[in-house]
Amino acid sequence: MKNIVVHHFSVTKEQRSMLKNQRPLLLWFTGLSGSGKSTIANALEEALSEKKHHTYILDGDTIRNGLNNNLTFSAEDRSENIRRIAEVSKLMLDAGLIVLAAFVSPYRTDREKVKTTVESENYIEIFVNTPLVECENRDVKGLYKKARKGEIKDFTGINAPYEAPVSPHITIDTTKLSVKEAVQEILHYIEPKLKLENE
Ligand SMILES: Nc1ncnc2c1ncn2[C@@H]1O[C@H](COP(=O)(O)OS(=O)(=O)O)[C@@H](OP(=O)(O)O)[C@H]1O
Ligand SMILES: Nc1ncnc2c1ncn2[C@@H]1O[C@H](COP(=O)(O)OP(=O)(O)O)[C@@H](O)[C@H]1O
């Protein structure tokens with residue numbers, strides 16, 4: 001028994017959502033390092049901001065440098081990383097925001113838990129399905145080169161697994177779609193879902 005009693009605050013999630021004139025959603029980007037998660041999330045946030053939506057991006061670099069700076073890339077720590085991010089996302093949804101979360105999140109069970117934490121109707125899974133060979137060619141941060149030389153252990157796609165989503169809401173292959181086209185495809189899917197029911 002934790003002896004914790006939840007206090008019920010007066011302003012509700014619905015009121016916060018109405019003030020922002022949007023239905024909160026979690027847009028969960030998953031894919032290999034260098035697949036394009038952050039680039040697309042950034043361009044999507046720009047497009048949503050132009051449409052006066054209230055958004056926030058959570059991504060690996062910020063979270064792993066702050067909140068989760070005690071975690072490694074072992075399977076166990078990745079699960080804990082994703083669990084904490086799911087809890088943060090839940091708070092942000094409660095605040096009425098559209099949350100764009102960009103994490104490798106290589107394990108199916110961890111992504112399933114995110115969906116349960118925030119409730120499935122609030123969760124949109126976007127699989128940035130860029131082939132490994134392309135991610136490695138880009139090697140934005142030089143990490144694939146290091147991983148191939150054996151300097152990084154547990155590197156996703158090289159010596160740690162990536163479990164592709166089975167039925168993502170949206171799949172983007174960045175070798176076939178430009179950033180702009182990817183944003184258009186995501187917007188087309190989410191815009192009806194962002195509307196409040198009484199609109
Ligand atoms: N071992 C290993 N495997 C995968 N990625 C690694 C690793 N070590 C460091 N990095 C860098 O950390 C970013 C991934 O962090 P995430 O928090 O998204 O990973 S995870 O969801 O917990 O699997 C990832 O950033 P992105 O390139 O933005 O995906 C990498 O740059
Ligand atoms: N169609 C595309 N969509 C997204 N990124 C692309 C695309 N084409 C090329 N890129 C490049 O691929 C890289 C993706 O890096 P990044 O967004 O940091 O990936 P991730 O966040 O998945 O690690 C960037 O340098 C980006 O400019």
Side-chain angles (χ1 to χ4, degrees), residues 26-48 55-89 99-115 117-118 123 125-165 168 170-189:
L26 171 59
L27 309 173
W28 189 272
F29 293 80
T30 173
L32 295 170
S33 176
S35 58
K37 303 179 299 293
S38 309
T39 302
I40 298 170
N42 179 59
L44 180 62
E45 185 176 44
E46 279 178 6
L48 288 168
T55 57
Y56 197 79
I57 294 186
L58 296 171
D59 91 344
D61 294 330
T62 43
I63 295 291
R64 279 187 172 275
N65 277 321
L67 177 68
N68 291 349
N69 68 1
N70 61 330
L71 299 178
T72 69
F73 287 89
S74 67
E76 195 185 16
D77 276 9
R78 287 183 202 246
S79 292
E80 176 60 12
N81 182 41
I82 300 304
R83 186 194 69 78
R84 291 183 198 170
I85 294 157
E87 293 294 343
V88 170
S89 300
V99 184
L100 297 85
F103 296 91
V104 174
S105 46
Y107 296 108
R108 242 172 246 141
T109 51
D110 293 339
R111 296 191 300 261
E112 278 303 310
K113 283 186 201 157
V114 177
K115 191 166 144 184
T117 301
V118 302
Y123 176 85
E125 192 165 272
I126 303 167
F127 177 24
V128 186
N129 184 15
T130 305
L132 175 64
V133 62
E134 173 67 17
C135 297
E136 201 168 349
N137 273 339
R138 289 177 186 167
D139 208 2
V140 185
K141 300 170 185 168
L143 296 177
Y144 282 97
K145 201 168 163 203
K146 282 190 183 170
R148 286 287 183 202
K149 284 200 276 179
E151 291 170 12
I152 307 177
K153 62 169 190 169
D154 300 333
F155 195 81
T156 308
I158 306 296
N159 43 21
Y162 179 79
E163 299 174 358
I170 305 168
T171 300
I172 306 284
D173 180 344
T174 64
T175 60
K176 301 204 171 78
L177 290 186
S178 67
V179 177
K180 205 173 164 186
E181 286 167 335
V183 167
Q184 283 312 316
E185 188 162 330
I186 299 167
L187 277 179
H188 180 75
Y189 185 85

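When a ligand or atom number is given, it counts from 1 through the structure's own listing order. Atom set for the values below is all heavy atoms of this structure, side chains included, hydrogens, waters and symmetry mates excluded.
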Novice: For ligand 1, note which part of F155 has a heavy atom under 4.0 Å away: side chain, backbone, both or neither.
Specialist: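 Both the backbone and the side chain of F155 come within reach of ligand 1.
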Novice: Can you name the atoms of ligand 1, numbered from 1 with element, that are less than 4.0 Å from a heavy atom of K37?
Specialist: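 Here the atoms of ligand 1 in question are 29 (O).
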Novice: Quick one: CG on L58 to CD1 on I63, what's the gap to the nearest 0.5 Å?
Specialist: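 Those atoms lie 5.0 Å apart.
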Novice: Does the gap between the ring centers of F29 and F103 come in under 6.0 Å?
Specialist: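 No, ring centres 6.0 Å or more apart.
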Novice: Rounded to the nearest 0.5 Å, how far apart are CG of N65 and CG of L67?
Specialist: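 With rounding to 0.5 Å, CG (N65) is 11.5 Å from CG (L67).
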Novice: Would you check ligand 2 and list the protein residues that come within less than 4.0 Å of it by any heavy atom, ordered by chain and number?
Specialist: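 Residues within 4.0 Å of ligand 2: L32, S33, G34, S35, G36, K37, S38, T39, I40, R138, V140, T174, L177, S178, V179.
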Novice: Answer yes or no on whether R64 is positioned over the face of F73, meaning its NZ or CZ is under 6.0 Å from the six-membered ring centre and within 45° of the axis.
Specialist: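 Yes, R64 lies over the aromatic ring of F73.
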Novice: Within the 4.0 Å heavy-atom shell around G34, which atoms of ligand 1 are there?
Specialist: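 Atoms satisfying the 4.0 Å criterion: 27 (O).
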Novice: Could you work out, for atom 18 (O) of ligand 1, the closest of V104, T156, I158 by heavy-atom distance?
Specialist: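 Heavy atom nearest to atom 18 (O) of ligand 1 belongs to V104.
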Novice: Return yes or no for this condition: an N or O of A102 is under 3.5 Å from an N or O of ligand 1.
Specialist: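 It does not: no N or O of A102 is found under 3.5 Å from an N or O of ligand 1.
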Novice: Measure from atom 9 (C) of ligand 1 to every heavy atom in Y162, Y144, F73, F103 and give the option owning the shortest one.
Specialist: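 Looking at heavy atoms only, the winner is F73.
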Novice: Taking heavy atoms and a distance under 4.0 Å, where does K141 meet ligand 1: side chain, backbone, both or neither?
Specialist: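 Answer for K141: side chain.
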Novice: Please report the interatomic distance CD1(I57) to CG(L27), rounded to the nearest 0.5 Å.
Specialist: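 The distance works out to 10.0 Å.
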Novice: Given salt bridge (Lys or Arg N to Asp or Glu O under 4.0 Å), test E112 with R108 step by step and report yes or no.
Specialist: CA-CA 6 Å; E112 278 303 310; R108 242 172 246 141; over 6 Å; no
Novice: Which residue and atom name correspond to the protein heavy atom nearest atom 3 (N) of ligand 1, and how close is it?
Specialist: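 Answer, as residue, atom name and distance: R78 NH2, 3.1 Å.
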Novice: Just need the protein heavy atom nearest to atom 16 (P) of ligand 1, so name the residue and atom and give the distance.
Specialist: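 Nearest neighbour among protein heavy atoms for atom 16 (P) of ligand 1, to 0.1 Å: R64 NE, 3.5 Å.
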Novice: Once you restrict to heavy atoms under 4.0 Å, what part of I82 touches ligand 1? Side chain, backbone, both or neither.
Specialist: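 Under 4.0 Å from ligand 1, I82 contributes side-chain atoms alone.
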Novice: Under 4.0 Å between a Lys/Arg side-chain N and an Asp/Glu carboxylate O for R148 and E136?
Specialist: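 Salt bridge flag = yes for E136 with R148.
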Novice: Report the C-alpha separation of T30 and I126 in whole Å, then their side-chain angles, then the decisive distance to 0.1 Å, and conclude whether the side chain to side chain contact (heavy atoms under 4.5 Å, CB included) test is met.
Specialist: CA-CA 6 Å; T30 173; I126 303 167; over 6 Å; no
Novice: Looking at ligand 1, is there an atom of it that comes within less than 4.0 Å of some heavy atom belonging to A160?
Specialist: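 Contact check A160 vs ligand 1: negative.
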Novice: What's the verdict on side chain to side chain contact (heavy atoms under 4.5 Å, CB included) for L187 and L48, showing C-alpha distance, side-chain angles and the deciding distance?
Specialist: CA-CA 8 Å; L187 277 179; L48 288 168; 3.8 Å; yes
Novice: Roughly how far, to the nearest 0.5 Å, is OG of S105 from OH of Y162?
Specialist: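 Y162 atom OH to S105 atom OG measures 6.0 Å (nearest 0.5 Å).
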Novice: Going by the order shown, which atoms of ligand 1 are within less than 4.0 Å of some heavy atom of P106?
Specialist: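 Near P106, meaning under 4.0 Å from one of its heavy atoms, ligand 1 has 23 (O).
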Novice: Check R83 with E80, please: is the shortest side-chain N to carboxylate O separation under 4.0 Å?
Specialist: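 Counted as a salt bridge, because a side-chain N and a carboxylate O are separated by less than 4.0 Å.
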Novice: Which ligand 1 atoms, with their elements, are less than 4.0 angstrom from a heavy-atom of K153?
Specialist: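 Those atoms are 1 (N).
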Novice: What protein heavy atom sits nearest atom 24 (C) of ligand 1, and how far off is it?
Specialist: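 Ranked first by proximity to atom 24 (C) of ligand 1 is S33 OG, 4.0 Å.
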Novice: Quick one: which ligand 1 atoms are inside 4.0 Å of a heavy atom on D154?
Specialist: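 So the answer, numbered in order with elements, is 1 (N), 2 (C), 3 (N).
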Novice: Check step by step if side chain to side chain contact (heavy atoms under 4.5 Å, CB included) holds for R138 and T130.
Specialist: CA-CA 11 Å; R138 289 177 186 167; T130 305; 3.9 Å; yes
Novice: Set out, in order, the CA-CA distance, both residues' side-chain angles and the distance that settles side-chain hydrogen bond (donor to acceptor under 3.5 Å, both in side chains) for T175 and E134, then state yes or no.
Specialist: CA-CA 8 Å; T175 60; E134 173 67 17; over 6 Å; no
Novice: Check the pair Y123, V114 against side chain to side chain contact (heavy atoms under 4.5 Å, CB included), reporting the backbone distance first and the verdict last.
Specialist: CA-CA 8 Å; Y123 176 85; V114 177; 3.7 Å; yes
Novice: At a non-hydrogen distance cut-off of under 4.0 Å, which region of L143 contacts ligand 1 (side chain, backbone, both, or neither)?
Specialist: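 Just the side chain.
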Novice: Show me which atoms of ligand 1 lie under 4.0 Å from any heavy atom of S105.
Specialist: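 Once the distances to S105 are compared, the set is 20 (S), 21 (O), 23 (O).
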Novice: In Å and rounded to the nearest 0.5 Å, what is the CD1 to CD distance from I40 to E185?
Specialist: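 Between I40 CD1 and E185 CD, I get 10.0 Å after rounding to 0.5 Å.
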Novice: Quick one: does D61 get an N or O within less than 3.5 Å of an N or O on ligand 1?
Specialist: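 N/O-N/O distance under 3.5 Å: no.
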